[in-house]
Amino acid sequence: MPRLLVIKGADEGKQFDLTGAVVSLGRDASNDIRLHDTEVSRRHAEVRHLGGAYQVFDLHSANGTFVNNAKVAHADLNAGDHLAIGQTVLLFSTGRDDATTHTSDLAERINLITRADVELSSAIIKTIGEAEGSRLLLQPEKNSPWLQGALANLTVLYEAGQATSHILDIDELVERILELIFRSIDADRGCILLLHPETGALEPKALRWRKPEDKQEKFALSRTIVDHALKERIGFLASDAARDERFSSGQSILQLGIREVICVPMKGRHESIGVLYLDTLTPRREAVEHTAKFTEDHLALAIAIAHQAALAIEETHYHHAMLQAERLAAIGQTIAALSHHIKNILQGLRSGSEILKMGLKEKKEQLIEQGWRLAEKNQGKIYDLVMDMLSYSKERVPAVEATNLNEIVQDVYELLAPRAKEMNVKLEMNLTENLPIIQADPEGIHRALLNIVGNALDAVEDRPDPQVTVGTRLGEAGWVRIVVLDNGPGIAKERVGEIFKPFSSSKGSRGTGLGLPVSRKILREHGGDIDVQSQVNVGSKFVLKLPVQSALSAEMSVTLADLKAMPPPEPD
């Protein structure tokens with residue numbers, strides 16, 4: 001299914017399937033694709049499915065819509081194109097949902113004709129080593145004038161290289177490669193067959209016909225030709241294929257009038273991963289007047305393109321393998337981190353239970369209270385862990401409303417003041433008067449600030465003259481800030497980027513390792529962020545930045561930039 005992948009911006013890593021005929025993009029919550037980017041207009045652009053193709057249309061946005069770095073009012077979208085709106089860059093992909101079904105359908109259309117006891121005949125007029133593909137690319141000046149022109153003017157191989165950079169779906173990639181081949185070689189039919197990595201069986205991945213009406217025919221080709229190309233590691237050009245004794249077991253070859261064949265192995269870095277097959281069709285009544293379409297130059301170009309395609313497919317396989325390895329590693333790290341936290345909590349609960357049991361047995365009220373406090377404390381840890389996991393993993397739409405930021409800061413201060421007093425920490429509050437009312441989710445901002453200030457208290461616990469200050473500030477135009485200062489041990493420069501990673505906690509069993517990631521996620525859901533400045537043995541400064549007009553305040557107001565970008569009203 002076609003999709004957009006966010007490769008840069010606040011929503012980096014998200015994928016959006018293009019399921020409807022019209023898909024809207026913008027920072028308004030009513031859009032099909034909602035982006036948390038304050039430089040994106042409320043309704044910025046639309047992707048429309050028109051006549052089998054996809055196009056993007058700019059909706060008079062303030063900052064414009066760009067396709068491959070070019071500003072457009074509307075433009076076609078091809079696989080691998082970069083769509084930039086605001087500070088967000090999305091990659092357009094037309095990948096399939098079910099590659100297995102696709103391969104099965106193609107297999108039904110290909111008829112591999114086998115006759116193992118027949119040697120290849122004299123119909124093969126030229127062969128070429130499978131390693132020649134890389135030589136032709138490395139030394140283009142030693143090729144014939146025609147081939148030099150094809151390589152230089154058609155830029156087929158360069159386009160194939162571009163495809164490898166952006167297309168991560170194997171089926172989509174090989175179809176793109178076959179399309180590029182047909183631009184340069186005048187074949188009537190073509191296909192790419194790849195070796196299954198586990199079974200070694202050949203599987204059709206892409207078919208192409210020059211004439212659309214021929215698509216209804218069965219795609220017949222010789223299994224002996226394909227096997228020979230792979231076994232002998234050569235590509236070859238064969239003429240007068242209808243007379244070749246290899247085809248005598250397949251009447252469809254004669255009926256189709258296959259005259260010329262190019263079959264080359266697709267050699268990657270170390271081994272062949274499949275074959276590229278091309279042929280021409282000439283009806284029997286025209287066989288006498290048949291003029292050869294394929295030349296040795298076409299064979300050379302085919303082996304060069306096949307080599308480039310093989311490298312592309314290998315890179316895609318490596319990419320998928322790397323992603324799978326990263327997923328498994330992330331799962332393993334998550335399980336290990338969770339197991340560690342849960343083990344510590346269970347130990348605390350067990351200790352509390354033992355003390356509680358002892359107090360009940362000995363009827364000592366002091367032991368009962370001590371055991372209950374310990375059990376209650378660890379119950380709170382379980383609750384915090386579960387809530388942090390839900391907040392971090394779930395895509396949450398903040399409940400935006402008019403919010404007084406000073407009131408949130410004051411509430412957090414009052415909640416943590418008793419704890420600070422117990423820890424002998426000087427907790428101060430410094431509020432900016434006349435702070436504008438902002439559009440935000442007060443509950444989410446409260447939770448994020450509670451995490452940050454709570455971390456600051458933990459950081460200064462063992463420091464001399466521990467102190468934490470929390471306050472509000474006016475930022476640049478349209479922004480407000482909450483600043484949290486502490487005189488804790490500070491964070492090393494190389495570790496600042498790691499503190500927002502899940503389960504990266506410096507508090508041992510006291511923390512879940514999700515507080516800071518959850519806080520940043522909440523701020524980014526509002527179109528804001530958290531900045532950190534820290535110096536070892538001096539202290540840290542956390543700045544929570546929020547836009548006054550949240551990107552999520554749907555239909556509440558129209559920004560000045562949107563008003564300027566709107567077209568004038570049409571006359572009655």
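Every value quoted in this text rests on a predicted model; they were computed, and no experiment measured them.
The side-chain heavy atoms of Leu546 and Leu523, taken from C-beta on, include a pair separated by under 4.5 Å. Side-chain contact between Leu415 and His446 is present, with at least one heavy-atom pair separated by less than 4.5 Å. When side chains are defined from C-beta on, Ile482 counts as touching Leu449, because their heavy atoms get closer than 4.5 Å. The closest side-chain heavy-atom distance from Pro466 to Glu461 is not below 4.5 Å. Using a 4.5 Å heavy-atom cutoff, the side chains of Gln467 and Val460 are not in contact. No side-chain heavy atom of His82 sits less than 4.5 Å from a side-chain heavy atom of Val67. Inter-residue side-chain proximity for Leu91 and Gln15 is flagged as unmet; no heavy-atom pair is nearer than 4.5 Å. The shortest side-chain heavy-atom distance between Arg524 and His36 does not fall under the 4.5 Å cut-off.
Within the 3.5 Å criterion, the main-chain N or O of Asp32 finds a donor-acceptor partner in the side chain of Ser24. Looking only at distances, a side-chain donor or acceptor of Asp58 sits under 3.5 Å from a matching main-chain atom of Ser61. Side chain of Asn451 to main chain of Ser519: no donor-acceptor pair is present (N/O by atom type, distance under 3.5 Å, no hydrogens or angles). In this structure, the side chain of Asp531 does not engage the main chain of Lys545 through any donor-acceptor pair within 3.5 Å. Between the side chain of Arg48 and the backbone N or O of Gln55 there is no donor-acceptor pair closer than 3.5 Å. Thr403 places a side-chain N or O within 3.5 Å of a backbone atom of Glu401 that can act as its donor or acceptor partner. Looking only at distances, no side-chain donor or acceptor of Asp37 sits under 3.5 Å from a matching main-chain atom of Gly86. Within the 3.5 Å criterion, the main-chain N or O of Thr432 finds a donor-acceptor partner in the side chain of Thr472. Judged purely by atom type and a 3.5 angstrom limit, Thr469 has no side-chain atom pairing as donor or acceptor with the backbone of Glu428. With hydrogens and angles ignored, the 3.5 Å screen pairs no side-chain donor or acceptor of Ser540 with any backbone N or O of Asp486.
Ring orientation note: the planes of Phe57 and His74 are close to parallel, at an angle under 30° on the 30°/60° scale.
For CZ of Arg269, the number of neighbouring non-hydrogen atoms (other residues, nucleotides, ligands) closer than 6.0 Å is greater than 12. No more than 12 heavy atoms of other residues, nucleotides or ligands sit less than 6.0 Å from atom CD of Glu422. Within a 6.0 Å radius of CD in Gln366, no more than 12 heavy atoms belonging to other residues, nucleotides or ligands are found.
Separation of atoms CD (Gln535) and CD1 (Ile491) is listed at 12.0 Å; rounding is to 0.5 Å. Taking CG from Leu18 and NE2 from His49, the interatomic distance works out to 9.5 Å, rounded to the nearest 0.5 Å. For the atom pair Arg43 CZ and Asn31 CG, the distance stands at 5.0 Å (nearest 0.5 Å). Taking NE2 from His526 and CD1 from Ile445, the interatomic distance works out to 4.0 Å, rounded to the nearest 0.5 Å. The structure places CG of Asn406 at 5.0 Å from CG of Leu435, a figure rounded to the nearest 0.5 Å. The CZ atom of Arg350 lies 13.0 Å from the CG atom of Leu374; values are rounded to the nearest 0.5 Å.
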Could you give me the CA-CA distance, side-chain angles and deciding distance for Ser30 and Asp28, then say whether side chain to side chain donor-acceptor pair (under 3.5 Å) is met?
CA-CA 5 Å; Ser30 63; Asp28 193 293; 2.8 Å; yes
When you look at Thr38 and Trp479, which way does the side chain to side chain contact (heavy atoms under 4.5 Å, CB included) test go after all the steps?
CA-CA 11 Å; Thr38 55; Trp479 291 81; 3.9 Å; yes
Give the intermediate values and the outcome of salt bridge (Lys or Arg N to Asp or Glu O under 4.0 Å) for residues Asp171 and Lys205.
CA-CA 6 Å; Asp171 294 328; Lys205 287 292 182 178; 3.8 Å; yes
What's the verdict on side chain to side chain contact (heavy atoms under 4.5 Å, CB included) for Lys361 and Lys357, showing C-alpha distance, side-chain angles and the deciding distance?
CA-CA 6 Å; Lys361 184 177 181 180; Lys357 188 186 299 182; 5.6 Å; no
Leu450 and Leu416: side chain to side chain contact (heavy atoms under 4.5 Å, CB included), yes or no, with the steps?
CA-CA 8 Å; Leu450 194 63; Leu416 294 178; 3.9 Å; yes
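Between Arg176 and Glu179, at least one side-chain N (NZ, or NE/NH1/NH2) sits under 4.0 Å from a carboxylate O, which counts as a salt bridge. Residues Asp11 and Arg27 are not paired through a salt bridge, judged by the lack of any N-O separation under 4.0 Å between the basic side chain and the carboxylate.
Shown here are the ring pair (Phe, Tyr, Trp, His ring centres under 6.0 Å) partners of Phe16, two or more places apart in sequence or in another chain: there are none.
The two residues Ala309 and Ile177 make their nearest non-hydrogen contact at CB-CG2, 3.7 Å. Nearest heavy-atom pair, Ser93 versus Leu5, reported as atom, atom and distance to 0.1 Å: CB-CD1, 3.8 Å. Minimum heavy-atom separation, Ala375 to Leu349: O-CD2, 3.5 Å.
Applying the salt bridge (charged side-chain N to carboxylate O under 4.0 Å, His left out) definition to pairs two or more places apart or across chains, none involves residues 69-80.
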